[in-house]
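Every heavy atom of this structure was used, including side-chain atoms; hydrogens, water molecules and symmetry mates were not.
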Amino acid sequence: MYIKFMYYVYILTNKNHTVLYTGVTGNIEKRVYEHKNKLLDGFTKRYNADKLVYLEGFNNVNDAIQAEKTIKGWKRDKKIQLIENVNPTWKDIGDEQN
């Protein structure tokens, strides 16, 4: 079950954790469904990034967009540290919907 916010920054990975994708959305349930069912063409579909491993909620769209840009600017090691601070086992939190 997600805590309800207006906007979310999220990180997806693939089963081997070799790919990290950062995105922002106003509807996390829909977006996770789209990624898991390969409904969105592009990077996540091409690299099978469908495992939600990081999620942060915001009530202001500008804050969410800024957080996404900040995370996208980080090197891989810093993104991994962010994920492991809140999800050390890289559990797919997208399976916890509803």
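Residues Tyr10 and Ile28 meet the side-chain proximity criterion, which asks for heavy atoms closer than 4.5 Å. Tyr7 places none of its side-chain heavy atoms less than 4.5 Å from the side chain of Thr25. Leu20 has its side chain within reach of Ile83: a pair of non-hydrogen atoms, C-beta onward, lies under 4.5 Å apart.
Separation of atoms OH (Tyr8) and CG (Leu55) is listed at 6.5 Å; rounding is to 0.5 Å. Of the inter-residue distances, the one linking Leu52 atom CG with Lys91 atom NZ reads 11.5 Å to the nearest 0.5 angstrom. To the nearest 0.5 Å, atoms CG (Leu40) and CG (Asp50) are separated by 11.5 Å. Between the CZ atom in Arg31 and the CG atom in Leu12 there is a gap of 9.5 Å [rounded to 0.5 Å].
Residues satisfying the side-chain contact (heavy atoms from CB on, under 4.5 Å) criterion with Val19, sequence neighbours excluded, are Asn14, Phe43, Tyr47, Ala49. A search for side chain to side chain donor-acceptor pair (under 3.5 Å) contacts involving Tyr54 returns Glu56, not counting sequence neighbours. A search for side chain to side chain donor-acceptor pair (under 3.5 Å) contacts involving Thr44 returns His35, not counting sequence neighbours. Partners of Gln66 by side chain to side chain donor-acceptor pair (under 3.5 Å), not counting sequence neighbours, listed by chain and number: Thr70. For the salt bridge (charged side-chain N to carboxylate O under 4.0 Å, His left out) test, residues two or more places apart in sequence or in another chain that qualify with Asp41 are Lys45. Asn37 meets the side-chain contact (heavy atoms from CB on, under 4.5 Å) test with Tyr33, Leu39; sequence neighbours excluded. Here Asn48 pairs with Lys38 under the side-chain contact (heavy atoms from CB on, under 4.5 Å) rule; sequence neighbours left out. Residues passing the salt bridge (charged side-chain N to carboxylate O under 4.0 Å, His left out) test with Lys78: none are found, sequence neighbours excluded. Under the rule for a salt bridge (charged side-chain N to carboxylate O under 4.0 Å, His left out), Lys15 has no partner lying at least two apart in sequence or in another chain. Scored by the side chain to side chain donor-acceptor pair (under 3.5 Å) test, Lys69 finds no partners at all (sequence neighbours excluded).
Judged as a salt bridge (Lys or Arg N to Asp or Glu O under 4.0 Å), the pairs with a partner in residues 59-68 (not counting sequence neighbours) are, in order, Glu68-Lys72. The ring pair (Phe, Tyr, Trp, His ring centres under 6.0 Å) pairs that include a residue from residues 58-93 are His17-Trp90, where partners are two or more places apart or lie in different chains.
For the residue pair Lys79 and Ile71, the shortest heavy atom distance occurs at CE-O, 3.0 Å. Residues Ala64 and Val24 approach most closely at CB-CG2, 3.7 Å, considering heavy atoms.
Remark: side-chain polar atoms of Asn16 are not paired, donor with acceptor, to backbone N or O of Thr18 under 3.5 angstrom.
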Checklist line | Ile93 vs Val53, side chain to side chain contact (heavy atoms under 4.5 Å, CB included): CA-CA, chis, key distance, verdict | finding: CA-CA 6 Å; Ile93 58 177; Val53 292; 5.9 Å; no
* Asked: Given Lys36 and Asp95, is the side chain to side chain contact (heavy atoms under 4.5 Å, CB included) satisfied, shown in steps?
  -> CA-CA 10 Å; Lys36 287 187 172 293; Asp95 289 339; 3.6 Å; yes
